Amino acid sequence: MSENLWAFARAFVVTVIFMPAVIKFLKQSKEQAVIRKLGPDHQAKAGTPSMGGILFVFAAALSALIGSLVAHQFLLMLTPVLAFLAYAAIGGIDDALKLIRHADDGFAFKPKLVAQTLSALAIMLIMWLSHFPFTLYIPMLGTYHLGIFYFIFLWFWLVGWSNATNLTDGLDGLLTGNSIIVYSAYTILAMNMHNQAIVIFNFAVIGSLVGFLVFNKPKAKIFMGDTGSLALGAGLAIESILLGIPFSLVWFGLIFVIETLSVIIQTVGYHFWHKRIFPMAPIHHSFEKFGWSEWQIDTLFWILSAILAVAGIFYMN
């Protein structure tokens, strides 16, 4: 069995074996998700533990690092793993504060911004040690060498996409399934580019997510929390950069873009005209308002994501 499949298997097995113990521990510790009072009635989910991302992030990172040692890709693996873990840590603090306060508000804006900035600095340092060229390819415009100013783009890309996946994580299995599809698409592109570090990293992430989906599908036994959702967005952001095709993520991650735009449009519309453009934002909640089940919404979004993935891969190859 190739190291890619071993990376998948390790992460999957660790997640599946240890998740029941994590669920039991979080329930005993009263580490339960705070259910928002606004929007669709999700009170039936009260008591469901959150922060399940802790285990699948750990499983993916550990499996990826082991795989990188076997494949002699350790230094190249440090960048995606660091981004993954750094944003998981930021999300973990956010989750912990929400649980302690029993409120929707977690990490305050300024400390969170500082943490994101320091994480981006650390990631850029590892990229420099890995001899990343700090050039940015913009479709139809060309390639630009940004040097130290690349940090601005790196910070924006990490923060933007981690928040986009975080907004998408509102229904059982929704973000998990979409992430499996998008990571799979980048796995194929990384294979074509002979980027073994990204291939191993993605197999590990996908393995952990498939294992997590066993417990996260509707009706979920555990939620990933910000710990998982921020990590997944940061992982996609950094690997799109490392593959030299950052803006491809706008296509492959179009579901995340639409979710984010729905929130922005809703906020602007209500602020300026005191009108709600959608029944509720993010847009997956609008489908709930129309009477769709979580499985129906998941299936629709997964199918759309799969179509985008196949079309993107076909175009780029």
Side-chain angles (χ1 to χ4, degrees), residues 8-27 31-36 39-60 63 88 91 95 164-185 187 202-233 235-236 253 255-256 259 282-288 290-309:
F8 177 97
R10 283 191 299 265
F12 174 81
V13 170
V14 169
T15 303
V16 169
I17 289 178
F18 291 101
M19 190 60 75
V22 171
I23 293 172
K24 182 179 180 180
F25 171 79
L26 291 174
K27 281 186 174 181
E31 302 293 335
Q32 300 163 357
V34 178
I35 305 300
R36 293 178 61 189
D41 184 10
H42 285 173
Q43 293 308 311
K45 299 183 180 184
T48 304
S50 187
M51 298 181 74
I54 289 178
L55 179 59
F56 79 70
V57 167
F58 168 79
S63 181
D95 284 334
T165 49
N166 181 240
L167 289 171
T168 306
D169 184 34
L171 298 177
D172 297 351
L174 180 61
L175 177 58
T176 307
N178 276 284
S179 295
I180 290 171
I181 294 168
V182 180
Y183 272 97
S184 296
T187 303
N202 283 5
F203 266 95
V205 173
I206 294 167
S208 68
L209 287 175
V210 172
F212 181 67
L213 189 59
V214 173
F215 305 92
N216 185 237
K217 66 183 188 296
K219 177 177 184 283
K221 297 180 179 67
I222 189 169
F223 304 139
M224 69 171 68
D226 290 0
T227 309
S229 62
L230 292 181
L232 291 172
L236 288 172
I255 294 295
F256 309 141
E259 294 273 27
I283 200 168
H284 57 256
H285 288 316
S286 289
F287 286 89
E288 283 190 286
F290 295 142
W292 288 43
S293 71
E294 292 191 59
W295 265 120
Q296 289 174 319
I297 300 168
D298 284 353
T299 301
L300 173 63
F301 280 49
W302 293 349
I303 290 173
L304 292 175
S305 193
I307 292 171
L308 290 168

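On a predicted model such as this, the values are computed, not experimentally measured, just so you know.
- Applying the salt bridge (charged side-chain N to carboxylate O under 4.0 Å, His left out) definition to pairs two or more places apart or across chains, those involving residues 164-175 are K45-D172.
- By the side-chain contact (heavy atoms from CB on, under 4.5 Å) test, V14 is found to be paired with F18, L55, A59, residues two or more places apart in sequence or in another chain being considered.
- Partners of F58 under the side-chain contact (heavy atoms from CB on, under 4.5 Å) rule, at least two apart in sequence or in another chain, are L62.
- Taking D226 as the reference, K98 meet the salt bridge (charged side-chain N to carboxylate O under 4.0 Å, His left out) condition, with sequence neighbours excluded.
- For the atom pair CD1 (I222) and NZ (K24), the distance works out to 14.5 Å, reported to the nearest 0.5 Å.
- Residues meeting the side chain to side chain donor-acceptor pair (under 3.5 Å) test with S179, sequence neighbours left out: none.
- Annotation: side chain to side chain donor-acceptor pair (under 3.5 Å) contacts of T176 (sequence neighbours excluded): N216.
- Residue pairs meeting the side-chain hydrogen bond (donor to acceptor under 3.5 Å, both in side chains) criterion with at least one partner in residues 10-21, sequence neighbours excluded, are E3-R10, R10-S63.
- Considering only residues two or more places apart in sequence or on other chains, S184 meets the side chain to side chain donor-acceptor pair (under 3.5 Å) condition with none of them.
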Donor-acceptor pairs are to be reported for all side-chain atoms of residues 205-215 against protein atoms at under 3.5 Å, with residues two or more places apart or in another chain.
from	atom 1	to	atom 2	distance (Å)
S208	OG	F56	O	3.4
S208	OG	V205	O	2.7

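- Annotation: salt bridge (charged side-chain N to carboxylate O under 4.0 Å, His left out) contacts involving residues 14-23, sequence neighbours excluded, are absent.
- Remark: L174 pairs with T168, L171, N178, E259, H284, D298, F301 by the side-chain contact (heavy atoms from CB on, under 4.5 Å) rule, at least two apart or across chains.
- For the side-chain contact (heavy atoms from CB on, under 4.5 Å) test, residues two or more places apart in sequence or in another chain that qualify with I17 are V13.
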